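Here is the structure we will look at.
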Amino acid sequence: MLRNGYTTGSCMTAAACAAYRALKTAERPASIELRLPNGGLLTVPVAEVRPGFAAVIKDGGDDPDVTTGHRVEVAVEPFDGVPGPRDYSDATLVLTAGRGVGVATRPGLAVPVGKWAINPGPRRMLRDNLRPERRMRITVSVPDGEALAAETLNPALGVEGGISILGTSGIVRPYSNAAYAATVALQFRSLAASGFTVGATATVSRTAAALRRDYPELAPQGVVEIADFIHVAVRAAASAGLEKLIIGCMPGKLFKYACGEKNTHARKNRLLMGRLAELNVPLPAGVDPARFESMGELKAALAPEAYRAVLEALKPLALRVLRGWGGALPVELALYNEKGERL
């Protein structure tokens, strides 16, 4: 069994809660129990805490995460001023960043251009767990973040100056090829044994939630979260004897499926937008796909109807690849955006 870990978003939230508790009551908690987006609980150890400050050591479990073992620090203080242009703010929290957290400089990411690279999932988790009695400023820093970012795709994606604070579920689930292949195969065999004739795959938790919303007949166990292991999943569903597989994904994964990528992890297969031309995907005159680093950046540069034409051209190409892997297994694609809305 591989050991789970926790995301940088969970580190930020746990450190903020510990720092606030120490500021408010002088308590110095050794750990913080977080409420996760799925309703579960996660206990995160706190490495250092004093009033208004705490640090958590990132632990990605058995996942090969470059941030594992590095500090995520948070300072908490009362705030009555005006938030900065890079900050996120509401009635009770102003979220800002210090050393080692990047800034988005290109469109198409989960955060707006010019804002701190702190994704929506961690921001929601912070709001759900930290409920201060008055408005507070939360400053998150990753002392080694700028050096760590050089080992990620952040520079290519337009996140400059440090890492991103990430995590939709709060938990890092390690996926080695062998372990995950066995787990996926087991889940599909279990579905078939339970009487399911149709199954579904999702790359991330928000896509899984969207599939359960749009296909209620699948029930919770009918949607298998596959991360980047699309080839393993299709082959496993076919071997289990399912009569149909619904594949939920977002545009970036759709593109990689169309390119025939069997494992879509960014470290294994970087999204090379120039391949749109190789696939004869229609683009407006004068648009060079090689200038872009992501489907989100391409979307920001195109008119909605032109972007829609790109997706419509990619879909049959992806289906041809997926159906080739599944043999006689009928495959359907369900495409979603980053908010879980059907495209």
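Since the model is a prediction, treat every value here as computed from it, not as a measurement. All residue numbers refer to positions in the sequence shown, counting from 1.
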Would Val310 end up clustered with Leu254 when hydrophobic side chains under 4.5 Å apart are linked, directly or stepwise? yes
About how many Å separate CZ of Arg137 and OG of Ser89, when rounded to the nearest 0.5 Å? 12.0 Å
Suppose we screen for side-chain contact (heavy atoms from CB on, under 4.5 Å). Which residues come up paired with Ala290, at least two apart in sequence or across chains? Asp288
Same cluster for Leu302 and Leu343 if Ile/Leu/Val/Met/Phe/Trp/Tyr side chains link at under 4.5 Å? yes
Any heavy-atom pair between the side chains of Tyr257 and Val321 that's under 4.5 Å? no
Does a side-chain heavy-atom distance below 4.5 Å link Trp325 with Ile230? yes
Would you indicate whether Arg123, at its atom CZ, is surrounded by more than 12 heavy atoms from other residues, nucleotides or ligands within a distance under 6.0 Å? yes
Note, Arg206 side chain near Met250 side chain (heavy atom, < 4.5 Å): yes
Taking Ile247 as the starting point, is it possible to reach Val223 by hopping between hydrophobic residues whose side chains are less than 4.5 Å apart? no
Between the side chains of Glu341 and Lys339, is the shortest nitrogen-to-carboxylate-oxygen separation below 4.0 Å, so that they form an ion pair? no
Step-by-step side chain to side chain contact (heavy atoms under 4.5 Å, CB included) determination, Glu293 to Met273: CA-CA 6 Å; Glu293 293 289 346; Met273 297 298 292; 5.8 Å; no
The side chain to side chain donor-acceptor pair (under 3.5 Å) partners of Tyr336 (sequence neighbours excluded) come to Asp214
Residues forming a ring-ring contact (aromatic ring centres under 6.0 Å, His included) with His70, sequence neighbours excluded: none
Straight-line distance of Leu126 CG to Ile165 CD1, nearest 0.5 Å: 11.0 Å
Linked hydrophobic residues, Leu166 as query - side chain contacts closer than 4.5 Å: none
Do Asp90 and Arg135 sit within salt-bridge range, that is, some charged N less than 4.0 Å from a carboxylate O? no
Residues sharing Leu42's hydrophobic cluster, by side-chain heavy-atom contacts under 4.5 Å among ILVMFWY, directly or via others? Tyr6, Ile32, Leu34, Leu36, Val44, Val46, Val49, Val56, Met125, Ile171
Just to verify, what does Pro112 make a side-chain contact (heavy atoms from CB on, under 4.5 Å) with, not counting sequence neighbours? Tyr88, Lys115
Least distance between heavy atoms, Ala309 atom then Pro282 atom: O-CG, 4.3 Å
Can a donor-acceptor pair be found between the side chains of Asn154 and Ser164 at a distance below 3.5 Å? yes
Gap between atom OG1 of Thr168 and atom CD of Glu338 - 0.5 Å precision: 13.0 Å
Ion pair Asp228/Lys256, N-O distance below 4.0 Å: no
Could you work out, with side chain to side chain donor-acceptor pair (under 3.5 Å) as the rule, every residue matching Glu305, not counting sequence neighbours? none
Taking side chain as C-beta onward, heavy atoms only, is Ile57 less than 4.5 Å from Arg71? yes
For a 4.5 angstrom cut-off between non-hydrogen side-chain atoms, does Met295 reach Leu311? yes
Please indicate whether Glu48 has more than 12 foreign heavy atoms, meaning atoms of other residues, nucleotides or ligands, lying under 6.0 Å from its CD. yes
What verdict does the side chain to side chain contact (heavy atoms under 4.5 Å, CB included) test give for Thr201 and Phe188, after you've listed the backbone C-alpha separation in whole Å, the side-chain angles of each residue and the deciding distance to 0.1 Å? CA-CA 10 Å; Thr201 68; Phe188 280 116; 3.7 Å; yes
Do Val224 and Leu191 make a side-chain contact, defined as non-hydrogen atoms from C-beta onward lying under 4.5 Å apart? yes
Quick one: are Pro330 and Glu243 in side-chain contact, heavy atoms under 4.5 Å? no
Residue pair Phe255 / Leu279, side-chain heavy-atom distance below 4.5 Å: yes
Can you spot which of Thr139, Val142, Thr8, Val159 makes a side-chain contact (heavy atoms from CB on, under 4.5 Å) with Val101? Val142
For Glu278, what residues pass the side chain to side chain donor-acceptor pair (under 3.5 Å) criterion, not counting sequence neighbours? none
Only counting residues at least two apart or in another chain, list the ones meeting side chain to side chain donor-acceptor pair (under 3.5 Å) with Asp87. Thr96, Trp116
In Å and rounded to the nearest 0.5 Å, what is the CD1 to CG distance from Ile246 to Leu218? 5.0 Å
If you take all heavy atoms of Met12 and Pro122, which pair is closest and at what distance? CE-O, 3.7 Å
Between Ser31 and Thr43, does any side-chain donor sit less than 3.5 Å from a side-chain acceptor? no
Closest non-hydrogen atom pair, Ser10 against Gly170: OG-O, 2.6 Å
Not counting sequence neighbours, list each pair that qualifies as a salt bridge (charged side-chain N to carboxylate O under 4.0 Å, His left out) and has a residue in residues 308-325. Arg308-Glu312
Write out all pairs satisfying salt bridge (charged side-chain N to carboxylate O under 4.0 Å, His left out) with one or both partners inside residues 31-40, taking only residues at least two apart or from two chains. none
Count I, L, V, M, F, W, Y as connected when their side-chain heavy atoms are under 4.5 Å apart, and connections chain through other members. Are Val72 and Val103 then in the same cluster? yes
Restricting to non-hydrogen atoms, name the atom on Ala233 and the atom on Ile226 that form the minimum distance, rounded to 0.1 Å. CB-CG2, 3.6 Å
So which of Thr68, Asp65, Thr7 actually passes side chain to side chain donor-acceptor pair (under 3.5 Å) with Lys58? Asp65
Can you list, by chain and residue number, the hydrophobic cluster partners of Phe79 when the side-chain cut-off is 4.5 Å? Val94
Verify side chain to side chain contact (heavy atoms under 4.5 Å, CB included) between Leu333 and Cys249, making sure each step is shown before the conclusion. CA-CA 8 Å; Leu333 268 172; Cys249 68; 4.0 Å; yes
May I have the step-by-step check of side chain to side chain contact (heavy atoms under 4.5 Å, CB included) for Asp128 and Thr13, ending in yes or no? CA-CA 9 Å; Asp128 291 343; Thr13 302; over 6 Å; no
Count I, L, V, M, F, W, Y as connected when their side-chain heavy atoms are under 4.5 Å apart, and connections chain through other members. Are Tyr20 and Phe53 then in the same cluster? no
Taking all non-hydrogen atoms of both residues into account, name the closest pair between Glu73 and Ala55 and its distance. CG-CB, 3.9 Å
What are the two closest heavy atoms between Pro120 and Val111, and how far apart are they? CD-CG1, 4.5 Å
